[in-house]
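For reference, positions follow the sequence shown, starting with 1. Predicted, not measured: the structure shown is a model, and the values here were computed from it.
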Amino acid sequence: MLLGQLKAFFLTLILGIFSGGLFHYYHLTVRKARIGRYWLYLIDLILWVILLLIVFAFLLLINGAEMRLYVLLALACGIAIYFRYLSRYMTPILSRAAQGSVEFSSGLARAIRSPFLHLFCYWKAQKDKGKTPPPGDSGN
């Protein structure tokens, strides 16, 4: 019984460290992307839903998703350990990963937007073709 709780505590502590790292990566990515205020609200919501699902799924595997005080303490301690001791070592790695994510997302957005932009320009050119004055009507 006690050994199971210790195992659950340490696995949850590792989950807290992972959650802290994921949040740190998210923070660096948002800073590098310079996201607008309203988009940031939406992305924050998405992050917390994803993080909640990840934590719940792992807690389900670790201890059947029982929420006890030691589970919350282990999560909080894991996050605190990450930010106190590991974040300074992980910042350069996560910063490069965040920059890569921003560049990949920008490239993907351009690739998705490009066909629609070309289609819009083609449509506008076709629409403007019919608006030329008749050949003999120069206004003289």
Side-chain angles (χ1 to χ4, degrees):
M1 182 76 171
L2 181 62
L3 187 61
Q5 288 179 344
L6 282 174
K7 179 183 168 188
F9 179 83
F10 285 114
L11 288 174
T12 307
L13 185 74
I14 292 169
L15 179 62
I17 291 170
F18 172 76
S19 298
L22 187 63
F23 184 76
H24 189 198
Y25 166 75
Y26 167 74
H27 177 73
L28 291 170
T29 303
V30 165
R31 185 181 290 172
K32 289 190 179 296
R34 292 182 240 146
I35 295 173
R37 184 171 139 195
Y38 295 109
W39 281 106
L40 186 60
Y41 293 147
L42 177 66
I43 293 171
D44 277 347
L45 177 67
I46 292 169
L47 168 81
W48 287 111
V49 168
I50 289 171
L51 197 56
L52 179 72
L53 291 173
I54 289 170
V55 168
F56 178 74
F58 277 95
L59 284 178
L60 193 61
L61 292 172
I62 292 170
N63 67 350
E66 291 181 3
M67 285 308 294
R68 298 186 180 207
L69 183 60
Y70 73 89
V71 171
L72 293 175
L73 284 174
L75 277 171
C77 286
I79 293 168
I81 287 170
Y82 175 82
F83 280 107
R84 176 74 173 122
Y85 299 107
L86 299 174
S87 67
R88 73 182 84 151
Y89 302 112
M90 294 299 293
T91 296
I93 297 166
L94 292 178
S95 184
R96 284 193 300 272
Q99 185 64 40
S101 295
V102 168
E103 290 171 4
F104 176 77
S105 299
S106 297
L108 185 63
R110 277 192 302 274
I112 291 172
R113 189 178 21 200
S114 178
F116 293 106
L117 187 60
H118 288 305
L119 187 62
F120 176 75
C121 290
Y122 176 76
W123 174 73
K124 187 164 175 66
Q126 293 301 318
K127 183 179 169 190
D128 291 342
K129 255 187 190 176
K131 292 186 179 183
T132 59
D137 192 20
S138 61
N140 290 338

Extract all donor-acceptor atom pairs below 3.5 Å that involve side chains of residues 2-23 and protein atoms in other chains or at least two apart in sequence.
unit_1, atom_1, unit_2, atom_2, d
T12, OG1, A8, O, 2.6
S19, OG, L15, O, 2.9

Name each donor-acceptor pair under 3.5 Å that joins a side chain in residues 109-118 to protein atoms two or more places apart or in another chain, with its distance.
unit_1, atom_1, unit_2, atom_2, d
S114, OG, H118, NE2, 3.4

Let me have the donor-acceptor pairs involving side chains of residues 30-41, under 3.5 Å, with sequence neighbours excluded, atom names and distances please.
unit_1, atom_1, unit_2, atom_2, d
R31, NH2, H27, NE2, 2.8
K32, NZ, S95, OG, 3.2
R37, NE, Y41, OH, 3.3

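When hydrophobic side chains of Ile, Leu, Val, Met, Phe, Trp and Tyr are connected at separations under 4.5 Å, V49 ends up clustered with L45, L53. Grouped by direct or indirect side-chain proximity (heavy atoms under 4.5 Å, Ile/Leu/Val/Met/Phe/Trp/Tyr only), F120 sits with W123.
Both F83 and L86 belong to a common hydrophobic cluster when Ile, Leu, Val, Met, Phe, Trp and Tyr are linked at side-chain heavy-atom distances under 4.5 angstrom. Residues Y85 and L28 fall within the same hydrophobic cluster, defined by Ile, Leu, Val, Met, Phe, Trp and Tyr side chains chained together at heavy-atom separations under 4.5 Å. Hydrophobic cluster membership differs between I50 and F56, with clusters built from Ile, Leu, Val, Met, Phe, Trp and Tyr side chains linked at under 4.5 angstrom. Hydrophobic clustering, with ILVMFWY side chains joined whenever heavy atoms are under 4.5 angstrom apart, keeps I81 apart from L73. L42 is connected to L51 through a chain of hydrophobic side-chain contacts under 4.5 Å among Ile, Leu, Val, Met, Phe, Trp and Tyr, so both are in one cluster.
Among residues two or more places apart in sequence or in another chain, the side-chain contact (heavy atoms from CB on, under 4.5 Å) test is passed with S105 by none. E103 meets the salt bridge (Lys or Arg N to Asp or Glu O under 4.0 Å) test with no other residue; sequence neighbours excluded. In this structure F104 satisfies the side-chain contact (heavy atoms from CB on, under 4.5 Å) test together with L108, sequence neighbours excluded. Applying the side-chain contact (heavy atoms from CB on, under 4.5 Å) rule to A57 yields no partners; only residues at least two apart in sequence or on another chain are considered.
Residue pairs satisfying the ring pair (Phe, Tyr, Trp, His ring centres under 6.0 Å) criterion with at least one member in residues 62-82, sequence neighbours excluded, are listed as follows: H24-Y82. Within the structure, every pair that satisfies the salt bridge (charged side-chain N to carboxylate O under 4.0 Å, His left out) test and touches residues 46-71, not counting sequence neighbours, is listed here: E66-R68. Residues in residues 13-26 take part in no salt bridge (charged side-chain N to carboxylate O under 4.0 Å, His left out) pair, two or more places apart or across chains.
Note that CG of L75 and CZ of F58 are 12.0 Å apart. Values are rounded to the nearest 0.5 Å. One finds the CD atom of Q99 at 13.0 Å from the CG atom of L94 (value rounded to the nearest 0.5 Å).
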